[in-house]
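The chains referred to below are lettered A, B, ... by the order of the sequence lines, with proteins before strands, and numbering in each begins at 1.
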There are 2 protein chains.
Amino acid sequence: MDEETRVNTVVSRLRDAGYRITPQRMALIEILCQSDRHPSAGQLHEQLKQRFPTTSLATVYKTLNVLKEVGEVMEIGFAGSDARYDSAHPDPHPHLICVQCRRIEDIDVQQLKPESQVEKIAERSGYRILSYRMDVYGLCPRCQQEMAESQAAAS
Amino acid sequence: MDEETRVNTVVSRLRDAGYRITPQRMALIEILCQSDRHPSAGQLHEQLKQRFPTTSLATVYKTLNVLKEVGEVMEIGFAGSDARYDSAHPDPHPHLICVQCRRIEDIDVQQLKPESQVEKIAERSGYRILSYRMDVYGLCPRCQQEMAESQAAAS
DNA sequence: ATAGATGCAAATATTTTGCCGCCTG
DNA sequence: CAGGCGGCAAAATATTTGCATCTAT
């Protein structure tokens, strides 16, 4: 799905749920769909202010909550850090997170099939499974290299 | 590993890292190892105050950070909510989380083998994988039943 | 026209930090 | 007895809420 189609999908979903499409919301949706990083509310606010300088952070949070409600953004929460948002790929999928530079990448689901495993869990636990989350933590190639270089310099 | 052994392991790890074993820390470690729930800092503080009424929440956080540092507690963070801690099972393992009552259960790793999948990710991404996290969200049997009953009453 | 949205500020919630007196090792 | 630790309060961070004004439908 290309970016424009994705934006239209989100807009329709909002409208159908009875929400208004304001310029600020429109802009936020576009920003969300453009970014393949996984921005925080603050980062989204910074970008939004470039187009609407008076926009408040509260509006960003309110809009994000609305988008969560209609299922068009996924929120990824971490302890001691702010939450990250992903609208380009609202369906559950695993993330690869660099513990050094905080970069968050999507993992190609082709590589990993958690769904079949999740079903097994449902059967044995009696839970009705709604979604899942999988994060893999590590050092990205860039940070590995930087650490190797700084170690070499120190010795 | 039984609870007493686990407590001793944590205590040794702290001592070896040069940290002191104070009565408050001892008590917190015991509380952590006893609970199979996944308590928050506030809940731990409540329990700790039963034995040491003057204990402050700051001390709980400081001790938890020390324990994280030596790798003897795992912190599980959520957006918009407080972090939960798990010392009984510090190795990475999946969690089953009820979105209604916030209960967090451990998933028997026998049911699920994320490690093999995680290795595949390492190969293809160039990341050095350090750990992973997997959460499955759903409704626990109890909450399913409660929802069914309240719906029946409403109709 | 009007229900709902924005933006500002203040409130909440969670976690961290500074400082001082106390206690463990 | 010395440096680390506990406790208190204040700060820092992240998110939500109240309210007056404005606007999309």
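With sequence neighbours excluded, no residue forms a side chain to side chain donor-acceptor pair (under 3.5 Å) with B/Thr54. Under the rule for a side-chain contact (heavy atoms from CB on, under 4.5 Å), the partners of A/Gln47 that lie at least two apart in sequence or sit in another chain are A/Ile31. With sequence neighbours left out, A/Ser56 forms a side chain to side chain donor-acceptor pair (under 3.5 Å) with A/Thr59. Evaluation of the side-chain contact (heavy atoms from CB on, under 4.5 Å) rule for B/Gln34 yields B/Glu3, B/Glu30, B/Arg51 as partners, not counting sequence neighbours. With sequence neighbours excluded, the residues that form a side-chain contact (heavy atoms from CB on, under 4.5 Å) with A/Lys68 are A/Asn65, A/Val73, A/Glu75.
Between B/Glu46 and B/Lys49, at least one side-chain N (NZ, or NE/NH1/NH2) sits under 4.0 Å from a carboxylate O, which counts as a salt bridge.
Within the structure, the salt bridge (Lys or Arg N to Asp or Glu O under 4.0 Å) test picks out the following pairs touching residues 128-143 of chain A (sequence neighbours left out): A/Arg133-A/Asp135. For the salt bridge (Lys or Arg N to Asp or Glu O under 4.0 Å) condition, no pair includes a residue of residues 17-28 of chain B, sequence neighbours left out. Note on residues 9-18 of chain B: pairs passing side-chain hydrogen bond (donor to acceptor under 3.5 Å, both in side chains), not counting sequence neighbours, are B/Arg13-B/Glu72. Among residue pairs with one or both ends in residues 29-64 of chain B, those qualifying as ring pair (Phe, Tyr, Trp, His ring centres under 6.0 Å) are B/His38-B/His95; sequence neighbours excluded.
Counting 5' to 3', DNA chain D first comes under 4.0 angstrom of a heavy atom of chain B and last does so at the ends given by D/dG3 to D/dA9.
One can place CD1 of B/Ile76 at 17 Å from C1' of C/dT14, the figure rounded to the nearest angstrom.
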Under 4.0 Å protein heavy-atom contact, by nucleotide of nucleotides 15-24 of chain C - B base, S sugar-phosphate only: BBBB-----B
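Note on A/Thr54: only backbone sugar-phosphate atoms sit closer than 4.0 angstrom, heavy atoms only; bases stay farther off. Backbone-only engagement by A/Arg15 is indicated by non-hydrogen atom pairs under 4.0 Å involving sugar-phosphate atoms exclusively.
Comparing the local axis fitted to the first five base pairs of the helix from C/dA1-D/dT25 to C/dG25-D/dC1 with the one fitted to its last five gives a bend of 40°, rounded to 10°.
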